[in-house]
Every structure is written in structure tokens, then in C-alpha cells.
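As C-alpha cells, the structure follows; a few thoughts come after it.
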Amino acid sequence: MKTWQEILSESVTTFADLQKHLNCNTTALEDVIATFPMRINPYFLELIKQHGTPLWRQAVPDIKEIQDTVCLRDPLAEDKHSPVDNLVHRYPDRALILVSNSCAMYCRFCTRRRMVGRENSSINAQSLQKVYEYLRATPAIREVLLSGGDPLLLEDHTLNEILSELRQISSLEVIRIGTRVPSTLPMRITPELVAILKKYHPLFVNTHFNHPLELTEEAASACRLLADGGIPLGNHTVLLKGVNDDALTIRTLMLGLLRFRVKPYYLFQADLTCGTNHFRTSTKTGIEIMKSLIGHISGMAVPVLALDAPGGKGKIPLSPDYIINRGEKLTFFNYKGEICSYPEPVETF
Ligand SMILES: *Cc1c(COP(=O)(O)O)cnc(C)c1O
Ligand code: SF4
């Protein structure tokens, strides 16, 4: 059986390779790939061949990527909120660390495409030392999110070193790893990896599934290994036009994740990243989808719809409007659209 590294090394990364496997004849895609790197590993390539559009659009370059006119290179102003290289400190009690520059697949809608998959990475042992120093000097940070790129593209021993360094910082309570490998390269989740992760509890893993067709047998095994290792699993999904922007797809995905013991966490509006505008959906679409979930399916399967405010202003929850009137009585709609009310307590002084 091939190792995950061997599978990854057989990825499609050039236009010539792509043409051998998939029917896309616009040579203009060469320019797209030169601007935004492509990596489609054999596992995901097979899924694209089997199922087409929703997986194709996430992985295969599109000429629209180099036609964006209104967009931001760094939509969340992460560079501005970075006190030391590779650390983003936006919220008071948690910080994000970019520990890896590569991913098992380069998503065409990636918010960090300005850096992900590129050679000139500044992530190295020295810059990580600066990150640890900053965390030691900033005890208000209770939680770190390992992100990138994909932290699980690091070799086991490198990841082990980073986690061990972080665990020596006493103010850090919780470690969270954001990874897409359960969806894009599930064979990366091995018993050896889980044995490392479980040494550093409380450690959470947040995955990233965007479509029910990603919920394969292999993905199920990956999630099972992690969950059996006592690792709580969450998921974030990005709402993507022409991929998953309808109620049935999202509902099927959320219920499928719950069966995998993955708790849906965020459903994101796409960011204003350069080269990804054709994926954006209106906030109305997202809110309508939320309306079709809330009350209709298990509350555990309902994510929070969130928008990452441009300029690094933070994540804002978007919710359907249930409230009709506030007064002595709160009047509101329930999930079926019936009008209900709740008398406020009579204030006694
Ligand atoms: C999303 C994000 C977090 C985590 O936010 P939560 O709401 O706790 O999931 C932390 N830091 C940065 C920079 C982020 O973008
Ligand atoms: S896995 Fe995440 S970081 Fe990597 S390309 Fe996809 S969206 Fe970007």
C-alpha cells in the first residue's frame, strides 16, 4: 500500500498532466496555474472523475480566476494583524499560527492563496521560535489554532515537535488544528498520527468538507480514527456557488458529518480573495439555507453561518430574522413560520 507521501507525490500539478486526465482544453489555464498553483492528488482526482462538477470546481483551475477586478489580496488583513511572522493575533484570547505552506489539494477558492502552495515560505525553525516567544509573552492567549496551509502536511515528527513546544507554554489551554486532509487526502490520518495528537489534549481538530460527495468510506475511516483517539471533531464549510449553494446539499452534508462524529461548526460566506469572486454567493442564499436547517434537523447538525468581515474585523454570525417585535411581549416566528410570543418578565424594583 502506498504511503500518503507517495500518493501526494503523484499529484497533478501542470496543465500537461491535467489534460491527460480531465477534458479541459483551454490553454489559458496555463496562465491560471502560473498565478495560482494547482495540486490535485490521485485520491481527489478519482473523486472528480466519478462525480464531476461539485468536486471539479473546487480543484480544477478556471479562467475566471485571473479575470477578477474587484478583490483583495489579503481580505482578512492577516498581514496587518501579524505581530511576528506566521502568527495572526486578531482576537484577545486566541491566535492563529501558520505552520505549513502546503495542502493536499489547492482549493480554487482559498482565502490564503496569496501564500499557500508557494515556494517562498517564511515558515522555519527560527520563525517558529519567535512565535513561541510571542505566545510566552502574551499569556492572554489561551488557545492556538494551527493552520496554514495544512498542518497535517507536516511530517509526524515535525508536528510532534511543534505540539510539544506549544504544550510547554503554560498559558495555552487548548490547541486546535484546522485541516482539510480528512476530505482531500484521508489516508494522511494514520494510527501513528493519532498517537501523536492524543498526547496533547485538550486538542481539537476542525476539518473542512464542502460537499456530501466528499463523505467517502476513506473519509469515514479518517474521522473514525480521530474520534476514537478522543479528538473532538468540528467542521467548517465554505458556501460556494455551483458547488454547494443549495439547502439540500448543505443539509445532506451536515447530517453526514454528524454520522461521522463531526460537529458542524461554521458555514462561511466566501471571502473577497482575488481569483475567487465567481464562487461568492449572496448573504440571502446563506440565510435561506440556515432557515431550512434550524428546527428542521438536529440542532447538533446546524452550523453557525458566519462572514469574516473584510479588513480583519472578525467573524460575524448571520442569522435568519425570527423576531417580529420587541416589547412587553417578544413576538417572533418559529421555524415553521408560525407567529409566537413570549411575555417578558415584569420588572420588579
Ligand atoms: C477564525 C479565526 C480564529 C478563530 O475564531 P473562532 O470564532 O474561535 O473559531 C482565530 N484567529 C483568527 C485570525 C481567525 O481568523
Ligand atoms: S485546504 Fe485550506 S488552506 Fe489549503 S488550499 Fe484549501 S482552503 Fe486553502
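Starting from 1, each residue takes its place in the sequence as its number. Each ligand, and each atom within it, is numbered from 1 in the order the structure gives. Just so it is clear, the structure is predicted and the values come from calculations on it, not from any experiment.
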**Message:** Tell me whether Cys274 and Cys71 have SG atoms closer together than 2.5 Å.
**Reply:** yes

**Asked** Regarding Ser147 and Arg112, is there a side-chain donor-to-acceptor distance under 3.5 Å anywhere?
**Response** yes

**Message:** Any donor-acceptor pair under 3.5 Å linking the side-chain atoms of Ser127 with those of Asn86?
**Reply:** yes

**Asked** What protein heavy atom is closest to atom 6 (P) of ligand 1, reported as residue, atom name and distance in Å?
**Response** Tyr265 OH, 3.4 Å

**Request:** Would you mind checking if Glu214 and Arg180 are paired as a salt bridge, meaning a charged N to carboxylate O distance below 4.0 Å?
**Result:** yes

**Side chain, backbone, both or neither: the part of Arg176 lying under 4.0 Å from ligand 1 by heavy atom** = side chain

**Request:** Using a strict 4.0 Å threshold on nitrogen-to-oxygen distance, state whether Asp308 and Lys313 make a salt bridge.
**Result:** no

**Request:** Could you verify whether a donor N or O on one side chain and an acceptor N or O on the other, from Asp245 and Thr281, lie under 3.5 Å apart?
**Result:** no

**Asked** Where does Lys315 meet ligand 1, judged by heavy-atom distances below 4.0 Å: at the side chain, the backbone, both, or neither?
**Response** side chain

**Prompt:** Is there a nitrogen or oxygen of Arg90 sitting under 3.5 Å from a nitrogen or oxygen of ligand 1?
**Reply:** yes

**Request:** State whether the number of non-hydrogen atoms from other residues, nucleotides or ligands found under 6.0 Å of Lys329 atom NZ is greater than 12.
**Result:** no

**Fill in**
min-distance protein heavy atom vs atom 12 (C) of ligand 1 -> Leu96 CD1, 3.7 Å

**Message:** For the backbone of Val181 and the side chain of Thr179, can you confirm whether one donor and one acceptor N or O come within less than 3.5 Å of each other?
**Reply:** yes

**Prompt:** What protein heavy atom sits nearest atom 8 (O) of ligand 1, and how far away is it?
**Reply:** Arg94 NE, 2.7 Å

**Asked** Should we count CD of Gln5 as having more than 12 external heavy atoms under 6.0 Å?
**Response** yes

**Request:** Around atom 2 (Fe) of ligand 2, find the nearest protein heavy atom and jot down its residue, atom name and distance.
**Result:** His208 ND1, 4.3 Å

All N/O donor-acceptor pairs, side-chain side in residues 290-303, below 3.5 Å, sequence neighbours left out:
residue	atom	partner	partner atom	Å
Ser292	OG	Ile289	O	2.7
Ser298	OG	Met300	N	3.0

**Asked** Looking at Val88, which atoms of ligand 1 are within less than 4.0 Å of one of its heavy atoms?
**Response** 13 (C)

**Message:** Rounded to the nearest 0.5 Å, what separates atom CD1 in Ile141 from atom CD in Glu173?
**Reply:** 12.0 Å

**Item:** Qualifying residue for side chain to side chain contact (heavy atoms under 4.5 Å, CB included) with Val243, from Leu240, Asp246, Leu239
**Value:** Leu240

**Asked** Contact between His89 and ligand 1, counting heavy atoms under 4.0 Å?
**Response** no

**Item:** For atom 8 (Fe) of ligand 2, every protein N/O/S atom that sits closer than 2.8 Å, waters excluded
**Value:** Cys110 SG

**Prompt:** What protein heavy atom sits nearest atom 11 (N) of ligand 1, and how far away is it?
**Reply:** Tyr91 CD1, 3.7 Å

**Fill in**
One finds that the ligand 2 atoms under 4.0 Å from a non-hydrogen atom of Met105 are 5 (S)

**Prompt:** Can you tell me the protein heavy atom closest to atom 7 (O) of ligand 1 and the distance?
**Reply:** Tyr266 OH, 2.6 Å

